[in-house]
Amino acid sequence: MNGPDIKTDRFGRARSTVRTLDLLLSVAGALAVAALVLEYGFRERPVPPAILHVIEGGIVVWFIIDRVVRLGLARRKWREYLRTNWVDFALIGLLGVGGVAGYQFLGSILGAGLLYVLITQAYLGIALLLHAVTVNFRFAGSGIHPSWLLAGSFAFLCAAGSGLLMLPAARPRGAAPLAYLDSLFTSVSATCVTGLIVVRTGNDFTVFGQAVILALIQLGGLGIMLFGTTLAMLMGKALSVRSKTAV
């Protein structure tokens, strides 16, 4: 039994322990985003790919350890925790099955090294999406006024998009760097789905840059809070009263 001064969550875990795990997971997530940006956002990577791949592999291991530790802390409510977070554990299972199956069928073609990189980065991409959905879901149920959530989510999306469009990989080879105001204008225009441009999207951006703009259009058109909450519901997470109010 827990002591009288120990606050626990719905799974019987100490809230202080959960907050520490959340902090470590957020740091790992930030490192994962940085590693992927360094690998795909630059033509001449500032960090050797081998080092990035080791970092990415370590982050994947930490993501798995984090889920196992949280499950162990749930103790008597571990079944409920599994039901609530089944997507995370299904993803871990797919990682193991995909690694074995991929090595059997594609190992000789791609090579073990490339296969490891592809599987690791695919897992990281999906895990980061799930983590973003969880964070979004918490914000929706945090009690913050919906108008602030709406404005804040759009501001965050515009800022993130402008930063990605400033990366060298977003511009064709030999093209001059994009001015930040042009990048910000493009990002805001795409997020707000206005269609206004200051540079030619088809000629002045690479496939990477165009993919960023397309993602901004989709998230901006649907609304990042609504999009994240809908994904959370599809994952089986129940909406609180505050979340319903925010949506």
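Throughout, numbering of the chain's residues begins at 1 and tracks the sequence. These numbers were taken from a predicted model, which means no experiment stands behind them.
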Problem set entry | Nearest heavy atoms of S189 and L196, plus distance in Å | OG-O, 2.6 Å
Exercise. Between R70 and D22, is the closest basic N to carboxylate O distance under 4.0 Å?
Worked result: yes
Problem set entry | Gap between atom OG1 of T186 and atom CG of L165 - 0.5 Å precision | 6.5 Å
For this session: Please report the closest heavy-atom contact between Y40 and A169, naming both atoms and the distance.
Result: O-CB, 3.3 Å
Exercise. Does the side-chain contact (heavy atoms from CB on, under 4.5 Å) test come out yes or no for I65 and W62, once each step is laid out?
Worked result: CA-CA 5 Å; I65 292 175; W62 174 248; 4.0 Å; yes
Exercise. Taking side chain as C-beta onward, heavy atoms only, is I64 less than 4.5 Å from L95?
Worked result: yes
Exercise. Given the rule in the side-chain contact (heavy atoms from CB on, under 4.5 Å) test, do V198 and L181 qualify, once you have shown the distances and angles that lead to the verdict?
Worked result: CA-CA 10 Å; V198 289; L181 282 180; over 6 Å; no
Seminar exercise, completed: Here the gap from L216 atom CG to F154 atom CZ, rounded to the nearest 0.5 Å, amounts to 11.0 Å
For this session: Please name the pair of heavy atoms, one in Q210 and one in T201, separated by the smallest distance, quoted to 0.1 Å.
Result: NE2-O, 3.3 Å
Problem set entry | Cluster overlap I51 with V61, hydrophobic side-chain contacts below 4.5 Å | yes
Problem set entry | R45 versus L38, closest heavy-atom pair with distance | CG-O, 3.6 Å
Exercise. Any link between I197 and I217 through a network of hydrophobic side chains (Ile, Leu, Val, Met, Phe, Trp, Tyr) touching at under 4.5 Å?
Worked result: no
Problem set entry | Euclidean distance, L91 CG relative to N85 CG, rounded to 0.5 Å | 12.0 Å
Problem set entry | Test log, rule side-chain contact (heavy atoms from CB on, under 4.5 Å), inputs V199 and F205 | CA-CA 9 Å; V199 293; F205 289 106; 3.4 Å; yes
Exercise. Backbone N or O of L157 within a donor-acceptor pair of the T191 side chain at under 3.5 Å?
Worked result: no
Problem set entry | Minimum heavy-atom distance between F208 and L164, given as atom pair plus value | CE2-O, 3.9 Å
For this session: Could you walk me through whether R171 and M166 pass the side-chain contact (heavy atoms from CB on, under 4.5 Å) test, one step at a time?
Result: CA-CA 8 Å; R171 299 275 286 163; M166 289 290 293; over 6 Å; no
Exercise. Which is it for E56 and Y123 under the side-chain hydrogen bond (donor to acceptor under 3.5 Å, both in side chains) test, yes or no, and what are the steps along the way?
Worked result: CA-CA 10 Å; E56 291 164 359; Y123 177 88; over 6 Å; no
For this session: State which residue, out of V37, L31, L36, fulfils the side chain to side chain contact (heavy atoms under 4.5 Å, CB included) condition with V33.
Result: V37
For this session: Verify, without hydrogens or angle tests, whether R13 (side chain) and A74 (backbone) share a donor-acceptor contact under 3.5 angstrom.
Result: no
For this session: To the nearest 0.5 angstrom, please state how far the CG atom of L24 sits from the CG atom of D66.
Result: 8.0 Å
Problem set entry | Under the side-chain contact (heavy atoms from CB on, under 4.5 Å) test, residues paired with L82 that sit two or more places apart | L71, W78, F89
For this session: Please identify each residue that fulfils ring pair (Phe, Tyr, Trp, His ring centres under 6.0 Å) with Y81, with sequence neighbours left out.
Result: F11
Exercise. Would L124 end up clustered with V47 when hydrophobic side chains under 4.5 Å apart are linked, directly or stepwise?
Worked result: yes
Exercise. Going from CD1 on I126 to CD on Q121, what distance comes out if it is rounded to the nearest 0.5 angstrom?
Worked result: 12.5 Å
Problem set entry | Cluster check V27, I55: I/L/V/M/F/W/Y, side chain < 4.5 angstrom | yes
For this session: Rounded to the nearest 0.5 Å, what's the gap from CG on L167 to OG1 on T206? Could you check?
Result: 9.5 Å
For this session: Using modelled atom types only, decide if a donor and an acceptor are shared between the side chain of D204 and the backbone of R200 within a distance under 3.5 Å.
Result: yes
For this session: Would you confirm whether T20, through its side chain, and S16, through its main-chain N or O, come within 3.5 Å as a donor-acceptor pair?
Result: yes
Exercise. Hey, is the main chain of S187 close enough, under 3.5 Å, to the side chain of S162 for a donor-acceptor pair?
Worked result: no
